[in-house]
Amino acid sequence: TNRLLNPALVAATLAVVVLVVWAMVGFTKSAGALRQARSQGSDPVQLLAGTRILVSRAQSDENLALVARGSGAQYVADFDAVTAELRGANGAGLLLDAQRAAPGVDLVEPYNAYLRAHMAVVTAANSGPFTQAVAVATGSRSTDELPAATQLDTVLGTALTNAQHVFDRKSAAARADLSFLAIGLVALVILAGALAIAGFEQRINEYR
């Protein structure tokens, strides 16, 4: 009980404590960044990509139905099924989920604009000559379908790009946390080992 503390062994013990605390903090930060990369990046990317695929499928259905000129009932049925999945019951479908995953980008209004243009094409196909329906589907006016479809694809692409950037940033942060941790742990292990050797050598010399 009267023996003085060995400075080298005390310093080695403190280095080990710092090592353990740093490792816990580093792994916790890295895990948090990975969770954010998944929830704010990869999950929205999958959701937005699925939405974009369904929108593209609906557009293909409409084009095929238009080309069929009244004999494409299967395409019309598939368009309705895709639209129902996107809109959902009371508007709570895949499109709303995609909107929640894309803050700062309006997906709902471009989709509604596309549906209004689609209805204009259907109306023209049912009540007028085929060429009129084609003109509404491929025209460049703001009320025509092609500009609406292009705008919808553009905003979906923007939302996908934003989500991908978030994923890249968060996953890079997780890797950086672990990279710095690895370097620090190696340095602290070497330092603690050197201090421990010095402390034991001092204690051994006391018995010589």
Return all side-chain donor-acceptor pairs below 3.5 angstrom for residues 132-144, not counting sequence neighbours, or 'none' if the list is empty.
residue, atom, partner, partner atom, Å
T138, OG1, V134, O, 2.7
R141, NE, D144, OD1, 3.3
R141, NE, D144, OD2, 3.1
R141, NH2, D144, OD1, 2.9
D144, OD2, S140, N, 3.4
D144, OD2, R141, N, 3.0

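Rounding to the nearest 0.5 angstrom, the gap separating the CG atom in L64 from the OH atom in Y75 is 5.0 Å. We find the CG-OH distance between L96 and Y111 to be 12.5 Å, quoted to the nearest 0.5 Å. Taking CG of L86 as the reference point, atom CG of L94 lies at 6.0 Å (rounded to 0.5 Å). Here the straight-line distance linking atom CZ of R87 with atom CG of D80 works out to 12.5 Å at 0.5 Å rounding. One finds the CD atom of Q59 at 9.0 Å from the CG atom of L146 (value rounded to the nearest 0.5 Å). Interatomic distance, F130 CZ to L66 CG, rounded to the nearest 0.5 Å: 4.5 Å.
Pairs passing the side chain to side chain donor-acceptor pair (under 3.5 Å) check and including a residue from residues 149-159, sequence neighbours excluded, read R52-D153.
Shortest non-hydrogen contact noted between G41 and P44 is O-CD, 3.2 Å. Nearest approach of A68 to S71, heavy atoms of both residues: O-OG, 2.8 Å. Minimum interatomic distance between V45 and Q164 (heavy atoms only, all atoms of both residues): CG2-N, 3.7 Å. In plain terms, the two heavy atoms of V82 and L54 that are nearest each other are CG1-O, 3.2 Å.
Each of L156, L160, V155, T161 was checked for a side-chain contact (heavy atoms from CB on, under 4.5 Å) with V105, and the lone residue meeting it is V155.
Ion pairing between R116 and E109 holds under the 4.0 Å rule for side-chain N and carboxylate O.
Put simply, the side chain of Q36 never gets that close to the backbone of K170: no donor and acceptor are under 3.5 Å apart.
Checking D78 against Q74 by side-chain atom types alone, no donor-acceptor pair falls below 3.5 Å.
Relative orientation of the Y114 and F79 rings is tilted, given thresholds of 30° and 60° on the angle between their planes.
Put simply, I197 and L14 are part of two different groups of oily side chains (I, L, V, M, F, W, Y) that touch within less than 4.5 Å, one to the next. The hydrophobic cluster containing L34 does not contain V166, counting ILVMFWY residues as joined when their side-chain heavy atoms lie under 4.5 angstrom apart, directly or transitively. Residues I53 and L48 are members of separate hydrophobic clusters, defined by side-chain heavy-atom contacts under 4.5 angstrom among Ile, Leu, Val, Met, Phe, Trp and Tyr.
Residues meeting the side chain to side chain contact (heavy atoms under 4.5 Å, CB included) test with D43, sequence neighbours left out: R38.
Between V76 and D61, the closest side-chain pair of non-hydrogen atoms is not below 4.5 Å.
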